[in-house]
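To start, the structure itself, in structure tokens.
All values derive from a computational prediction rather than experimental measurement. Starting from 1, each residue takes its place in the sequence as its number.
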Amino acid sequence: MAQKVYIETVGCQMNVLDSELVIGALRKHGYDLTDSPADADVFLFNTCSVREHAEEKTFSALGRVRLLKRDKPGAVVGVLGCMAQKDQELIRKRAPYVDMIVGTGQLAAVPELVAKVRATREPQLAVSLGRSDAGRNEVEASFVSYDPTRDPSMRPTPFQAFVRIQIGCDKFCTYCVVPSTRGPEQSRPPEHIWHEVRQLVDQGCKEVTLIGQTVNSYVHESGDRKTRLSDLIAGMHDIAGLERIKFVTNYPKDMTDDLLDAVRELPKVVKYLHVPVQSGCDEVLKRMKRNYTAGYYMDMLARCRELAPGVSVSSDFIVGFCGETEESFQKSMELVRAAKFKNSFIFKYSERGGTKAAEKYPDDVPEDVKKRRNNDLLAVQNENSRADHRAQVGTTVEVLVEGPSRREQSALSGGRKPPVPEPASAIMQLTGHSMTDHIVVFDGTERLIGHTVRVAIKDASPFTLYGDVLTDEVVGADVSREPQASAVAPRPNKFSLPLV
Ligand code: SAH
Ligand code: SF4
Ligand code: F3S
């Protein structure tokens, strides 16, 4: 019988993709995936270190698995990803029953390490070279980057996939662990990325999300050819069957006009920019080492909206960073009021060992103040989100239908609806994203899942648009799995690379 592997993933899209790649590799070695820990022989935890809360989540999951392991002495427990990279010693101390610790750069070795644990019962440790010069040259070789066997069943949906275009980060914001957990910034060669996108599209994928910690800093130089993110996107834009190209997350200082031109002019590019500001106060931004001022950010935002009209923008904020006074917090309040983000992710500062901030500045904002500031900022953002969503009422948007809505899914799993199979013509509540990354909910049939439809927006909450499918026809008559023309006629390509 095939051995079963159970995996839990926390953290960002990088981790979601890494888990997909690890499971793909394990399947190649005869493993099956299970979502029930009781059935598993191998337990993997793909971890995040960005805030203390994420780490505690992993330690409590490990605590639960310890009990299971007592009954299954042959089981293998592995900690993967950012915590593995950063805290091997702590993991060994707090969870000595962990059999393998595998850093972000060594994930390709997971099948081999599982086999070694099995054969020797010796703990296995594999972490990458970190930020040394050798680390800078690791590039794709040691990173699990692309493997055609990557596991589609782990994707957000069968027709959406993440594609890593950049590894690591060189920005060193003072609060952040990512440069040490993911190593130096490296941009993958464009040919590899285009090849990967083509293969994904051949597998039925319609939307790719290009991911990098500062994705718009992507640049690949080879001889005298320089490929920027805009060129990379242009080079994949006309792949038949590919409908949408997204990219996250952007760094405010690297938001160049050529990229905004691409967002405006290339119809498959999603009109959405996630550009975290982190704070509205210049002194705080300086201590964070973000390398811009609030004024610079607001000018950049104006440029985004001028060069890519209709683009929606979201942001991240950290509240209660070291030395954030009430006055400096009020500057974040002013910025969020003025910026009119579609949505914002707001985090309470969490001191991280090994970062510059932990070394240089005391974590001096009390927890209850962080909490209050978090709520205050959220309240203003929610008002703006409501206004942003309400402004869409009366418009018609294109939605790539992802599947049953959350309400529908919980009705199915809560037994309030008969389990499948329902007739394909049964009406259910469906969900998907618009081209501006708004979540849209509407009624339709199962048949629409995986297709792009037009939805007339009738109502809105701060986080969701509600509407009616205009016709039962899908945009571009895209009902077969045959490669098809894009929903919108491609425009002439003015970027510098040949099309693939
Ligand atoms: N690379 C992305 C973000 C990576 S981490 C970027 O630079 O935009 C995602 C978000 O977590 C950050 O934008 C920041 O808002 C938050 N974050 C990072 N470190 C944090 C810390 N120590 N405490 C609280 N929030 C943090
Ligand atoms: Fe962290 Fe800053 Fe790099 Fe983002 S840009 S990953 S916040 S160091
Ligand atoms: Fe977390 Fe690592 Fe991503 S620290 S946010 S999983 S890069």
Side-chain angles (χ1 to χ4, degrees), residues 13 16 20 23 27 32-36 150-162 199-209 240-246 268 270 272 389 392-393 395-461 463-488:
Q13 290 102 332
V16 175
E20 178 183 330
I23 294 301
R27 276 199 200 272
D32 269 352
L33 186 65
T34 176
D35 54 12
S36 151
R150 59 188 271 189
D151 189 347
S153 72
M154 296 277 292
R155 288 186 199 147
T157 70
F159 29 86
Q160 295 172 299
F162 293 123
Q199 284 192 290
L200 286 165
V201 170
D202 287 345
Q203 291 176 1
C205 185
K206 297 183 173 180
E207 176 186 289
V208 292
T209 302
L242 180 63
E243 292 185 14
R244 287 185 175 190
I245 305 165
K246 274 198 201 184
K268 294 181 185 177
V270 171
Y272 165 67
H389 282 65
Q392 304 263 337
V393 174
T395 66
T396 296
V397 300
E398 277 183 14
V399 180
L400 176 59
V401 188
E402 290 161 25
S405 70
R406 263 203 224 153
R407 191 192 78 184
E408 192 73 33
Q409 281 174 20
S410 65
L412 284 169
S413 60
R416 293 191 298 285
K417 280 209 151 189
V420 264
E422 296 225 22
S425 58
I427 298 292
M428 58 169 76
Q429 197 181 58
L430 297 169
T431 187
H433 284 79
S434 71
M435 277 298 274
T436 46
D437 199 57
H438 289 80
I439 298 169
V440 185
V441 163
F442 54 95
D443 285 341
T445 60
E446 194 185 349
R447 195 171 80 67
L448 297 181
I449 296 173
H451 296 296
T452 299
V453 298
R454 288 198 186 89
V455 178
I457 302 306
K458 298 279 164 61
D459 200 1
S461 76
F463 310 109
T464 312
L465 303 176
Y466 300 90
D468 297 330
V469 178
L470 271 189
T471 67
D472 208 34
E473 265 173 54
V474 291
V475 175
D478 151 28
V479 278
S480 73
R481 281 278 316 273
E482 300 293 311
Q484 66 253 298
S486 130
V488 193

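- Atom OG1 of Thr157 is separated from atom NZ of Lys206 by 10.0 Å, given to the nearest 0.5 angstrom.
- With rounding to the nearest 0.5 angstrom, the NE2 atom of His389 is 9.5 Å from the OH atom of Tyr466.
- Side chains of Val441 and Leu430 form no contact here, defined as non-hydrogen atoms less than 4.5 Å apart.
- Distance check, rounded to the nearest 0.5 Å: CD1 of Ile439 to CG of Leu465 gives 9.0 Å.
- The structure places CD1 of Ile457 at 9.0 Å from CZ of Phe442, a figure rounded to the nearest 0.5 Å.
- Atom-to-atom distance recorded for Leu200:CG and Glu207:CD is 12.0 Å, nearest 0.5 angstrom.
- The shortest side-chain heavy-atom distance between Val455 and Ser434 does not fall under the 4.5 Å cut-off.
- Under the 4.5 Å side-chain criterion, counting only non-hydrogen atoms from C-beta, Asp468 is in contact with Lys458.
- For the 3.5 Å distance criterion, the side chains of Glu408 and Ser405 fail to qualify, holding no donor opposite an acceptor.
- Interatomic distance, OH of Tyr272 versus OG1 of Thr209, reported as 10.0 Å (0.5 Å rounding).
- Between Glu20 and Arg155 there is a salt bridge, since a side-chain N of the basic residue sits under 4.0 Å from a carboxylate O of the acidic one.
- A pairwise comparison of heavy atoms in Thr431 and Pro404 identifies CG2-O, 3.8 Å as the closest pair.
- In this structure, the side chains of Leu242 and Val208 come closer than 4.5 Å at one or more pairs of heavy atoms.
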| said: Using the rule given for side chain to side chain donor-acceptor pair (under 3.5 Å), can you reason through Thr464 versus Arg406, listing the C-alpha separation, both sets of side-chain angles and the distance that settles it, and then say yes or no? | reply: CA-CA 12 Å; Thr464 312; Arg406 263 203 224 153; over 6 Å; no
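- Of the candidates Lys246, Glu402, Glu398, Arg244, His433 forms a side chain to side chain donor-acceptor pair (under 3.5 Å) with just one, namely Glu402.
- Arg27 has its side chain within reach of Ser153: a pair of non-hydrogen atoms, C-beta onward, lies under 4.5 Å apart.
- Counting heavy atoms from C-beta on, the side chains of Val440 and Val397 come closer than 4.5 Å.
- Two residues are said to be in side-chain contact when any heavy atoms from C-beta on lie closer than 4.5 Å; Met154 and Leu33 meet this criterion.
- Of all the heavy atoms in Val270 and Met435, the pair that sits closest is CG1-O, 3.1 Å.
- In this structure, the side chains of Thr445 and Ile427 come closer than 4.5 Å at one or more pairs of heavy atoms.
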